[in-house]
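Lettering follows sequence order; numbering is per chain, from 1.
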Amino acid sequence: MAEQSNIVEMNQTTLRFADNVGVFDLNVYVPKGTIFGLIGPSGCGKTTTVRLMLGLYKPDSGTIRVMGRDPRHFSHTLRERIGYMPQHFALYPNLTVIENVRFVASLYGMNPLTRGRRLREVLNFVELADAKHRLASKLSGGMQRRLELAGGLVHNPVLLFADEPTAGVDPVLRGKFWEQFRILRDQGHSLVITTQYVGEAAYCDYVGVMRQGRILAIDTPESLRKRAMGGEIISMVVQPQDVLPATQALIHQPLVKSVYHRPTHGKPGLLQIYVDEASEALPVVFNYMHTEHPEINILTTEEYTPPWDDIFIELMQEAEAGSV
Amino acid sequence: MFKPLIRLFAFYGKEFNEVRRQPRLVLSLILGPFLILLLFGLGYKGTPPPLRVALVIPESEMSDPRVERVKQIIQDKFVLVSTTSNEQEANQLLDQGRVDVVEVFPDQIEEKVTNGQQVWVAFRYDKINPIDEQWLQYTGYVEVNALNQALLMQTAGEMQDQAAETNIMLSVARQQLDRLNENSTEQDRAQTRETIDELQDVVAILVANPATAEKVLGPDTDPAELQKLSENLQALDQALATGNIEDQKQQIQETRDQIDRMEKITHTLSSTPSQALVQPLMLDYQNVRGKSLDLVNFYAPGVLALILQHIAVTLGALSLIREKLLGALEMFGVAPTSMTQVLMGKISAYTVFIGIIALLLVLLLVFALHVPFLGDRVSFAVTLILFILASISVGLMLSTLSNSDTQAVQLSMIVLLVSIFFSGFFLPLEQFHPFARWIGYTLPVTHGMQSFINIMLLGKSPTLFNWIWLAGIFAFTMIFTMIAWGRQFRRLR
């Protein structure tokens, strides 16, 4: 990542609360025009990290630059280019959807005479145009989160911070949220998004995995997957009686790093073959088995993408073992 | 260029919309205080209930006809529940709460008074409320005054009767002396001598008993002059007896003059109404403002100030706490807005909102309850704005000391309680020690109430003292709030 292209940079940033909790030695770089996902369990320091980036907290040590400025000294002009969707609903239950959005627009200094079109756009974007006269207190949880997103986007910010936007939201709506984030990214916005749902890492361009106030790993989703699992995986199903000869055959193939027998209820002959690049290795391995070991009956062979939960658990275990 | 204004009006509009979404709140804010005043006016009598008394009269005095007169006087101020000669029985009534006071008369009142002693009427009660006690003592004082007055009237009447009799005797003596000369007949001299003998007896009694002399001739009687008259009468009597009147002409004239003076005195005494003798001075009340106000009218400006302050303090106290609990402060911390804009936006919205409530309340007071509004409307408006600003800022300051809605409301209630006791609403500020008066001065309601009374009821301008205090409270509490909230704004830690 070239330094000039980073919209957020944190260097060795530490903030300690009482009882030795906080965030420690954070090194985060968010390239412009990307979605940066900060993933970790509840209480791991995601919100603290975002608040540091927004200047709401002052770090004990280290430096933070957001759009080239120390967040503690943001100018009003620079603040107008930042959007924020806090973790908890921070809008007003006794105001309607449109009144809430108008209020945020006014906070950001948007001219009441000329902002009407933008308000309509953003309400359409979050699919709340039909509910604009409904009181915020009468909205469902998902609609409230969308209203919050509208508040974060109404002034068309360059950089949006969304703190757990999908928490407590049903899977369909979560998918919609990420769809909207990707649209924003495609429009040139940069996004820093925190989430507890590790599966959402797949939607990000870059992912930082946090645990107990520390970044365990930070990379693209694919690289993280490889790193966690020790490479990519090819899934091969053979007849149960062929498991042993197939394993012995595969470990002699140069592209194969390791082979594990992972029988499941419907697939007693399931083998997981670890390689560096699954897309490259898959045809080579298949041909090798077909030509060198035709006696082994291969039922299926495919690239296997492990779920993010598994990847996350791997990363956690590695961290606990002190190897990350 | 207009962005700061747009931000300020963002809060203005937000607060206004939030309040108008709660019509029941608005209605209760306007109608609530009005109904409180109305109920106060309808329900408050303004006079304490009559005190119930058990009267204890000595057995020996029970048959005295004057007891009935005493009872009548007592019943002017008290409800006479029982008349008894048994003091213990009366005390039981007091213990049982069936009477408020036991009034005990001693025996032989007349004898003691005649002997120049004071007589004590005992009032026994068991009040713990100092105001009740003051009222009871005052009522007792008024009753004993009335009894004293009745006694004096009786004594004065007796004195006037004696003076009238003496006056007649003096008049006869003077006329006989005027007719006495060398040509007077033996019969004239004998009649004159007879009169002088009677007069000598009277004067002898007066000389011997100065108290009686004062009764008959008034308090300015000179004993030496009475003695001289006695001597002159004696000499004259001897002269008449010897028939040597010519040599006693000068003495006759001197005696005649003395009798003339005494005649005039006794005439004045006997002809003056006894009421004028007993109560020479009377009170003439005159209220230069026409008449005093009824209680509703008098308390209306105070209640108005108290209620407006409470609304403002509560709104101010809850306002920032709610933003904090909602998480909106975090949003403000990220947005391009300042703490000053947040506070000013809120203050301006609340000022307009409370100002509208105040206007509606004043209209209701003036047109529905007929509370006078004699003063200048501009002065009232300026005072009202200063008062509302000071009250809201006190509320905002309270929000810096609170961590929850409940705490904010509790602190607002404490301010209300302090206001009731120390603002001069019920108890005049002048009755407090100076240090306690300062507590009152730090409350907006003290100055709001004084100014409203001045403007509405007296038609005067509010004092500069009140305006300066209101501005001072606003400035101090705002600075405090800015410092306290400023620490949290954009700095969650």
I need the [X] [atom1] to [Y] [atom2] distance, nearest 0.5 Å.
{"X": "A:H155", "Y": "A:R115", "atom1": "NE2", "atom2": "CZ", "result": "13.5 Å"}
{"X": "A:L123", "Y": "A:I98", "atom1": "CG", "atom2": "CD1", "result": "5.0 Å"}
{"X": "A:E200", "Y": "A:R174", "atom1": "CD", "atom2": "CZ", "result": "5.0 Å"}

Is chain B contacted by the side chain of [X], its backbone, both, or neither, given a heavy-atom distance below 4.5 Å?
{"X": "A:M110", "answer": "backbone"}
{"X": "A:T77", "answer": "neither"}
{"X": "A:E80", "answer": "both"}
{"X": "A:L78", "answer": "neither"}

Between A:G152, A:S106, A:P71, the one whose heavy-atom pairs under 4.5 Å with chain B are most numerous: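 The answer is A:S106.
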Residue selection (most heavy-atom pairs with chain B, distance under 4.5 Å) from A:S75, A:G109, A:A105: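 Of the options given, most contacts go to A:G109.
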Members of residues 386-412 of chain B whose heavy atoms come closer than 4.5 Å to chain A: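 Within residues 386-412 of chain B, no residue comes under 4.5 Å of chain A, counting heavy atoms only.
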Close contacts, residues 7-17 of chain B versus chain A, judged by heavy atoms under 4.5 Å: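 The stretch touches chain A at B:R7, B:A10, B:F11, B:K14, B:N17.
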A:R182 atom CZ, neighbour heavy-atom count above 12 within 6.0 Å: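 Correct, the count exceeds 12.
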Enclosure of A:K176 NZ (heavy-atom neighbours >12, cutoff 6.0 Å):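 Atom NZ in A:K176 is not packed in, count stays at 12 or less.
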Ring geometry between B:F380 and B:F373 (parallel below 30°, tilted from 30 to 60°, perpendicular above 60°):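 Perpendicular.
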Keeping the roles fixed (side chain from [X], backbone from [Y]), state whether a donor-acceptor pair exists under 3.5 Å.
{"X": "A:R118", "Y": "A:V154", "value": "yes"}
{"X": "A:H189", "Y": "A:P157", "value": "yes"}
{"X": "A:R79", "Y": "B:V334", "value": "yes"}

Candidate pair A:Y92 and A:E99, rule side-chain hydrogen bond (donor to acceptor under 3.5 Å, both in side chains), full reasoning: CA-CA 9 Å; A:Y92 300 95; A:E99 284 167 353; over 6 Å; no
Residue pair A:T14 / A:D60, side-chain donor-acceptor N/O under 3.5 Å: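 Side-chain D/A pair, A:T14 to A:D60: absent.
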Sub-4.5 Å side-chain heavy-atom contact between A:C204 and A:F36: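 Side chain of A:C204 against side chain of A:F36, heavy atoms only: no contact under 4.5 Å found.
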